[in-house]
Amino acid sequence: MTEQDSRALRVALVTGGAMGIGAAIAERLAMDGLHVLVADINLEAANVTAAKINASGGSAAALCMDVSDPEAIAQTFATIELDYGRCDVLINNAGIAKTYAFLDLPLDAWQKTLTTNLTSVLLCGQHAARLMLRHQWGRIVNISSVSGLRAGTGRTAYGTSKAAVIGLTRQMAIELAEHGITVNSVAPGPIDTPMTEALHSAETRLSFTNGMPMKRYGTPAEIAAAVSFLARPDASFITGHVVPVDGGFIAAGVLNI
Ligand code: NDP
């Protein structure tokens with residue numbers, strides 16, 4: 001098989017790919033020539049995203065997968081193995097966010113957040129990497145958050161889960177490097193998606209934008225561009241890193257003279 005043929009057949013799985021950042025990543029990877037599996041807990045919405053990609057000349061299929069359910073993850077990867085025999089690119093994007101004051105955070109919310117945002121990255125990463133080993137090639141991008149790099153009020157569970165995703169990214173990167181698999185994380189700043197539409201009050205929006213040199217929320221496409229870069233074949237010497245895509249939020253200190 002030529003390098004060009006092998007690239008034409010590459011399969012990418014995007015978790016939480018039906019909406020928001022995940023949908024933009026799915027669309028972008030399809031534009032890059034990958035066959036994209038749009039995996040989401042919401043199959044109806046995943047079907048819409050996959051159909052949109054196919055209608056615009058890309059190649060995609062929808063899968064129903066709840067990343068908080070280890071059995072569902074195992075079944076999905078068994079199906080992928082049967083149908084495609086490969087998973088070349090994994091984007092661990094699915095995540096949930098709910099805010100609670102530290103003293104009011106219920107144990108079940110903490111556990112649900114860690115299961116969905118963190119344990120899913122471990123399990124999908126293990127399943128995907130086993131398929132990547134066959135070709136000694138792979139790209140894994142874990143979507144974390146600026147909330148994993150800086151603390152935010154109400155984000156005890158969410159911020160901790162995302163900080164751990166960044167730690168897990170490094171662990172995965174060093175053990176998978178010898179197999180031609182790179183593992184990196186993209187840490188979005190605030191992005192306009194259904195999640196932030198539901199979660200961010202006017203005060204939260206102002207608190208974010210006041211601390212950002214660019215003074216605006218980002219778009220899902222701006223996150224997808226960074227993910228696309230890290231998933232490219234020639235991003236072959238970058239591994240174990242976290243890339244904030246955040247309008248300068250992490251860089252910023254005092255912004256007014
Ligand atoms: P959205 O909630 O807008 O979209 C997430 C998608 O994932 C939805 O389709 C959702 O389905 C799906 N999903 C939720 N739970 C599961 C699950 N258990 N299994 C499979 N799919 C699931 O989120 P965003 O696009 O805003 O966020 C995507 C990622 O980016 C998340 O990891 C988030 O933490 C991260 N992020 C987002 C930021 C932002 O400002 N938007 C900032 C920093 C990080 P349904 O809607 O039906 O639940």
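Note that ligands are numbered from 1 as they come in the structure, with each ligand's atoms numbered from 1 the same way. Keep in mind that this is a model prediction, so the values were computed, not measured.
- The distance from ligand 1 to the heavy atoms of Asp66 drops below 4.0 Å at these ligand atoms: 17 (C), 18 (N), 19 (N).
- The two residues Ser144 and Val242 make their nearest non-hydrogen contact at OG-CG2, 4.1 Å.
- Within ligand 1, counting atoms from 1 as listed, the ones closer than 4.0 Å to a heavy atom of Gly95 are 31 (C), 32 (O).
- Of all atoms in ligand 1, numbered sequentially from 1 with element shown, those under 4.0 Å from a heavy atom of Pro190 are 40 (O).
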Item to complete: Check the pair Asp32, Ser228 against side chain to side chain donor-acceptor pair (under 3.5 Å), reporting the backbone distance first and the verdict last.
Response: CA-CA 8 Å; Asp32 293 345; Ser228 161; 2.6 Å; yes
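- Met214 is not listed as a side-chain neighbour of Phe249, based on a closest heavy-atom distance of 4.5 Å or more.
- The protein non-hydrogen atom at the shortest distance from atom 15 (N) of ligand 1 is Ile96 CG2, 3.9 Å.
- Using the six-membered ring where Trp is involved, His127 and Phe77 have ring planes that are parallel, under 30° apart on the 30 and 60° scheme.
- The parts of Asn93 lying near ligand 1 are both backbone and side chain, judged by heavy-atom distances below 4.0 Å.
- Atom 37 (C) of ligand 1 has its closest protein heavy atom at Ile21 CD1, 3.6 Å.
- Summarising the geometry, atom CG belonging to Leu168 is positioned 8.5 Å from atom CG belonging to Asn92; distances are rounded to the nearest 0.5 Å.
- Evaluated by nearest non-hydrogen atom to atom 10 (C) of ligand 1, the leading choice among Asp40, Val14, Thr113 is Asp40.
- Interatomic distance, Ile80 CD1 to Gln75 CD, rounded to the nearest 0.5 Å: 12.0 Å.
- When hydrogens are left out, the protein atom nearest atom 5 (C) of ligand 1 is Gly16 O, 4.3 Å; that is the closest non-hydrogen contact.
- Here the heavy atom of the protein found nearest to atom 40 (O) of ligand 1 is Ile191 N, 2.8 Å.
- If you check which protein heavy atom lies closest to atom 13 (N) of ligand 1, you get Ile41 CG2, 3.8 Å.
- Salt bridge absent: Asp192 and Arg216 never bring a charged side-chain N and a carboxylate O closer than 4.0 Å.
- If you number the atoms of ligand 1 from 1 as listed, the ones under 4.0 Å from a heavy atom of Asn42 come out as 47 (O).
- For atom 30 (O) of ligand 1, the nearest protein heavy atom (residue, atom name, distance) is Ile143 CG2, 3.4 Å.
- Note that CD1 of Ile96 and OG of Ser68 are 7.5 Å apart. Values are rounded to the nearest 0.5 Å.
- In the candidate list Met19, His200, Lys162, Met19 is nearest to atom 46 (O) of ligand 1, counting heavy atoms.
- For ligand 1, the atoms sitting less than 4.0 Å from at least one non-hydrogen atom of Tyr158 are 33 (C), 34 (O), 35 (C), 36 (N), 43 (C), 44 (C), numbered in the order shown with element in parentheses.
- Considering both main-chain and side-chain atoms, Ala39 never comes within under 3.5 Å of ligand 1 through any nitrogen or oxygen pair.
- Residue Gly189 places a heavy atom under 4.0 Å from ligand 1.
- With a 4.0 Å cut-off on non-hydrogen atoms, Tyr217 does not touch ligand 1 at all.
- A pairwise comparison of heavy atoms in Leu29 and Ala12 identifies CD1-CB, 4.0 Å as the closest pair.
- Note on Leu13: it does not cluster hydrophobically with Val141, by side-chain heavy-atom contacts below 4.5 Å among ILVMFWY residues.
- If you check which protein heavy atom lies closest to atom 24 (P) of ligand 1, you get Thr193 OG1, 3.7 Å.
- Summarising the contacts of atom 3 (O) of ligand 1 with Glu44, Met195, Met65, the nearest heavy atom is found in Met195.
- Under 4.0 Å is where a charged nitrogen must lie from a carboxylate oxygen, and between Arg134 and Glu81 at least one such pair does.
- Heavy-atom proximity to Thr196, at under 4.0 Å, picks out these atoms of ligand 1: 39 (C), 40 (O), 41 (N).
- Contact annotation: for Ser144 versus ligand 1, heavy atoms closer than 4.0 Å belong to the backbone alone.
- Relative ring orientation between Tyr217 and Phe208 is described as perpendicular, the plane-to-plane angle rising above 60° on a 0-90° scale split at 30° and 60°.
- Atom CD of Glu71 is separated from atom OG1 of Thr76 by 10.0 Å, given to the nearest 0.5 angstrom.
- In terms of protein heavy atoms, atom 19 (N) of ligand 1 is closest to Val67 N, 2.9 Å.
- The closest approach between any non-hydrogen atom of Glu197 and ligand 1 is not below 4.0 Å.
- For ligand 1, the atoms lying closer than 4.0 Å to a non-hydrogen atom of Gly20 are 25 (O).
- Listed by atom number, the atoms of ligand 1 under 4.0 Å from Pro194 heavy atoms are 3 (O).
- When all heavy atoms of His135 and Gly85 are compared, the closest pair comes out as NE2-O, 4.3 Å.
- Figure legend: cation-pi geometry between Arg10 and Trp137, with NZ or CZ positioned under 6.0 Å from the six-membered ring centre and within 45° of its axis.
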